[in-house]
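Just below is one structure, and these are the notes that go with it.
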Amino acid sequence: MKLITVSGPPSSGKTSVIVHLIADLRHRASRCAVVKFDCLATDDDALYASHGIDVRIGLSGNLCPDHFFVSNIDDCFAWGRRYGYDILFSESAGLCNRCSPHIEGCTALCVIDNLMGAGAPRKIGPMLKTADIVVVTKGDVVSQAEREIFAFKIRQANPSCLILHINGLSGQGSAYLSEVLLRTGDMQTLQGKELRASLPSALCSYCLGETRIGKEKQKGNVRRMELD
Amino acid sequence: MIEDYKTDTCTVEELIASHPYVREFFAMNNLPMENGYRTIASYFATLPYTLLEDLGTQPPVLLGRFHAFMREMANIRERQGVDIKSLTIRGGRDKRGNVEDIELRIGLGDLVSIVGPTGSGKSRLLADIEWMAQRDTPTGRQILVDDEIPPASWRFSSDHKLVAQLSQNMNFVMDVSVAEFLVLHAQSRMIDHYDQKIAEIIRAANGLSGEAFELDAPLTSLSGGQARALMVADTAFLSVSPIVLIDEIENAGINRTKALALLSGQNKMVLIATHDPLLALSAPKRIVVCNGGIMAVLDTSDEERQCLRQLQAMDDIQTVYRDTLRSGDSLRMCRDRACGGFHI
Ligand SMILES: Nc1ncnc2c1ncn2[C@@H]1O[C@H](COP(=O)(O)OP(=O)(O)OP(=O)(O)O)[C@@H](O)[C@H]1O
Ligand SMILES: [Mg+2]
């Protein structure tokens with residue numbers, strides 16, 4: 001089975017891209033499923049189901065969504081294999097623009113849209129910078145020049161990725177991406193595989209449920225802003 | 001050009017001095033400049049632990065990314081546009097499934113208009129070209145470049161800019177000034193000396209829209225006409241794409257004939273889908289679509305060229321009337337009626 005990790009800022013078009021991809025992949029007789037990761041709630045399960053796509057939901061609740069992802073993804077992988085899927089997509093929102101961890105050996109997609117502005121690629125961390133393929137959406141509504149500037153900024157942030165433009169509405173461009181994905185290797189297990197970037201260490205008193213503000217309440221990994 | 005830096009002797013500051021764009025690598029990755037006096041190798045080797053933790057990465061990974069950056073930037077500088085000579089549209093089928101029996105070749109410098117009723121498939125034809133369709137769109141058309149099937153990497157990777165598009169639906173969205181925007185676009189093509197080019201674009205854009213804008217105007221504050229004018233001028237002078245596809249710019253409030261002349265004067269292939277007879281006849285050749293299929297390809301006849309002159313005169317009258325009304329003056333009918341009642 002192949003695991004494709006799909007990440008990207010909220011509402012950048014991840015779900016639309018995956019839906020179009022799976023439509024193409026089905027034509028090529030691939031069995032696909034999706035695991036959607038989110039924090040508190042999601043409507044995407046209904047959306048995927050309405051396209052007849054098998055989907056499982058993981059809500060991280062009050063845990064760091066990316067830590068939650070890592071502690072569950074190998075079970076998801078095993079689930080996918082048990083059910084006989086050929087390709088499993090994981091969709092996760094890069095809520096703090098940093099992680100949405102990609103895994104060595106699994107094709108990593110980052111979906112961002114042209115409306116985010118030229119500064120966006122700098123502000124997005126390993127989610128963009130360690131991706132194999134950066135999918136750019138919403139190209140039909142911005143000027144040609146801005147599209148070129150945006151692609152250039154992505155190229156600077158992630159010099160070795162493949163940059164593809166996909167129209168989230170019509171799906172134009174997804175057929176080629178599905179071909180690219182089909183050419184990637186299969187895996188037996190995620191056991192022992194490594195993340196492409198380390199996750200933020202977050203072990204302070206507030207991680208442990210502290211709610212009161214004040215220096216004496218702060219324990220563990222605390223970092224101070226310099227304001228003067 | 002490439003690899004003319006040695007990581008164990010060249011310092012970060014020296015490299016930035018000789019290759020200013022390298023600064024962007026450090027900005028992109030939030031890497032501090034204080035240690036720029038170090039050699040490239042030792043700069044990466046001595047990055048503070050907390051910073052690496054924030055970035056979620058390790059020095060060898062960053063150094064690898066740095067080399068890839070240098071390689072890619074050199075590639076972009078060398079790869080200035082794709083050198084092609086012709087485009088061929090091979091017919092597919094119309095909406096009823098009838099065979100579209102056509103093979104149309106378009107060369108550099110050609111200007112072709114596309115006409116047909118609403119919903120007839122003008123935009124679809126442009127989309128087929130943009131997409132370099134290989135019998136894999138609803139129309140079943142095939143597009144050849146220099147009489148051959150273009151390589152898949154040309155079709156899909158955004159690094160080969162075969163096609164530039166201009167349409168009514170496109171807007172400027174970036175939060176920068178006009179000048180910053182043009183500098184960004186010039187930089188994205190790795191052009192070093194762009195001041196003159198930018199001045200040229202502004203002059204051309206202002207000549208198209210009639211209402212001049214300043215270099216420091218926010219890009220998103222431009223009026224519809226100004227924005228369209230800037231897009232046209234930018235495409236004419238800063239785009240490397242040999243193919244320009246235009247979808248309905250007639251209502252944009254710019255001088256359409258000037259805009260077309262500007263674009264087609266750059267030795268590109270220009271295709272324009274339009275409902276405007278003036279634009280349709282401005283092209284020496286026009287494609288007529290009907291029901292999703294190409295019905296005919298016509299050359300503009302001498303008689304039509306006469307009609308075009310008449311249209312142009314009418315358009316000039318319109319322009320005068322519009323400018324008169326815009327500036328708050330009133331219109332008067334002409335007394336002797338020799339000019340058909342128009343007062344100009
Ligand atoms: N040969 C074809 N086969 C199937 N569908 C087609 C074909 N040609 C066009 N269509 C579809 O017909 C619809 C209308 O076409 P399109 O938008 O290109 O029309 P248009 O001429 O640009 O109209 P307008 O003048 O209103 O802009 C689109 O959904 C398009 O995909
Ligand atoms: Mg149209």
Side-chain angles (χ1 to χ4, degrees), chain A residues 66 98-99 101 113-119 121-130 134 136 138-167 170 172-173 175-177 179-180 195-201 221 223, chain B residues 21 24-25 27-30 50 52-58 61 64-73 76 127 130-131 136-137 152 155-159 161 163-167 169-176 180-182 184-185 187-190 219 227 230-231 234-235 238-239 241:
Chain A
D66 299 312
R98 187 187 183 278
C99 309
D113 75 66
N114 270 299
L115 300 179
M116 299 176 65
R122 187 171 80 81
K123 293 181 205 147
I124 305 175
M127 167 167 101
L128 170 73
K129 288 170 180 140
T130 68
V134 175
V136 190
K138 302 181 193 171
D140 49 336
V141 293
V142 307
S143 69
Q144 175 79 33
E146 286 168 304
R147 236 180 306 166
E148 291 175 12
I149 293 169
F150 200 59
F152 179 70
K153 291 287 166 192
I154 294 169
R155 177 57 71 226
Q156 287 186 318
N158 185 339
S160 37
C161 70
L162 174 66
I163 303 175
L164 293 177
H165 285 96
I166 292 186
N167 183 325
S170 69
Q172 182 146 304
Y176 177 66
L177 179 52
E179 273 170 39
V180 172
L195 294 178
R196 297 189 185 196
S198 60
L199 295 183
S201 49
N221 194 355
R223 209 188 288 179
Chain B
Y21 60 82
E24 198 59 22
F25 177 83
M28 251 324 155
N29 290 287
N30 301 313
T50 49
L52 290 170
E53 215 174 35
D54 285 351
L55 300 175
T57 190
Q58 296 297 323
V61 177
R65 198 181 293 163
F66 173 77
H67 287 307
F69 176 93
M70 296 301 287
R71 230 174 9 250
E72 278 305 314
M73 294 302 114
I76 292 175
E130 191 254 337
W131 182 230
D136 54 358
T137 65
R155 288 187 71 190
F156 304 112
S157 121
S158 64
D159 295 330
K161 304 185 184 86
V163 171
Q165 282 173 292
L166 210 65
S167 95
N169 306 333
M170 289 178 181
N171 291 298
F172 284 129
V173 297
M174 275 185 183
D175 215 359
V176 293
E180 287 164 333
F181 157 73
L182 290 172
L184 277 170
H185 196 200
Q187 283 175 340
S188 78
R189 291 201 32 218
M190 301 291 290
L219 190 61
L230 183 57
M231 284 182 202
D234 171 88
T235 305
L238 260 183
S239 167
S241 309

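Chain identifiers are assigned alphabetically (A, B, ...) following the order of the sequence lines, protein sequences preceding nucleic acid strands; residue numbering begins at 1 within each chain.
Side-chain contact between B:Thr57 and A:Lys129 is absent, with no heavy-atom pair separated by less than 4.5 Å. Residues B:Phe69 and A:Gln156 have side chains in contact (heavy-atom distance under 4.5 Å, counting atoms from C-beta outward). Looking at heavy atoms from C-beta onward, A:Lys138 lies out of side-chain contact with B:Val173 at the 4.5 angstrom threshold. A 4.5 Å side-chain heavy-atom check between A:Phe152 and B:Leu184 finds every atom pair outside the cut-off. Taking the side chain as every heavy atom from C-beta outward, B:Glu72 and A:Asn158 never approach each other to under 4.5 Å.
Highest contact tally toward chain B, considering only A:Arg223, A:Lys123, A:Arg196, is held by A:Arg223 [criterion: heavy-atom pairs under 4.5 Å]. Of the listed residues (B:Thr235, B:Leu182, B:Asp54, B:Thr50), the one with the most heavy-atom contacts under 4.5 Å to chain A is B:Asp54. No other option in B:Ala227, B:Ser239, B:Ala27 has as many heavy-atom pairs under 4.5 Å with chain A as B:Ala27. Here A:Glu146 is the residue among A:Gln144, A:Glu146, A:Glu179, A:Arg147 with the most heavy-atom pairs under 4.5 Å with chain B. For the options A:Pro101, A:Gly119, A:Ala118, A:Ala175, heavy-atom pairs under 4.5 Å to chain B are most numerous at A:Ala118.
Interface remark: B:Met231 contributes side-chain atoms only to the contact with chain A (heavy atom separation under 4.5 Å). In this structure, chain B has a heavy atom under 4.5 Å from the backbone of A:Asn114, while its side chain stays farther away. With a 4.5 angstrom heavy-atom cutoff, B:Phe181 touches chain A via backbone and side-chain atoms both. Contact annotation for B:Glu130: only side-chain heavy atoms (C-beta onward) come within less than 4.5 Å of a heavy atom of chain A. Residue B:Asp175 does not touch chain A at all, counting heavy-atom pairs closer than 4.5 Å. For A:Leu162, the part lying under 4.5 angstrom from a heavy atom of chain B is the side chain only.
Residues B:Ala152 and A:Tyr176 come closest through the heavy atom pair CB-CE1, 4.1 Å. Of all non-hydrogen atoms in A:Ala145 and B:Asp234, the two that sit nearest each other are CB-OD2, 3.3 Å. Pairing each heavy atom of A:Val142 with each of B:Met170, the nearest pair is O-CG, 3.4 Å. The two residues B:Glu53 and A:Ser198 come nearest to each other via the heavy atoms O-OG, 4.4 Å.
In this structure, CG on B:Leu55 lies 12.0 Å from OG1 on A:Thr130, to the nearest 0.5 angstrom. Summarising the geometry, atom CD1 belonging to A:Ile149 is positioned 12.0 Å from atom CZ belonging to B:Arg189; distances are rounded to the nearest 0.5 Å. We find the NE2-CD distance between B:His185 and A:Glu148 to be 3.5 Å, quoted to the nearest 0.5 Å.
A salt bridge is defined here as a Lys NZ or Arg NE, NH1 or NH2 lying under 4.0 Å from an Asp or Glu carboxylate O, and A:Lys153 with B:Glu24 meets this definition.
Each of B:Arg71, B:Arg65, B:His67, B:Met28 was checked for a side chain to side chain contact (heavy atoms under 4.5 Å, CB included) with A:Pro159, and the lone residue meeting it is B:Arg65.
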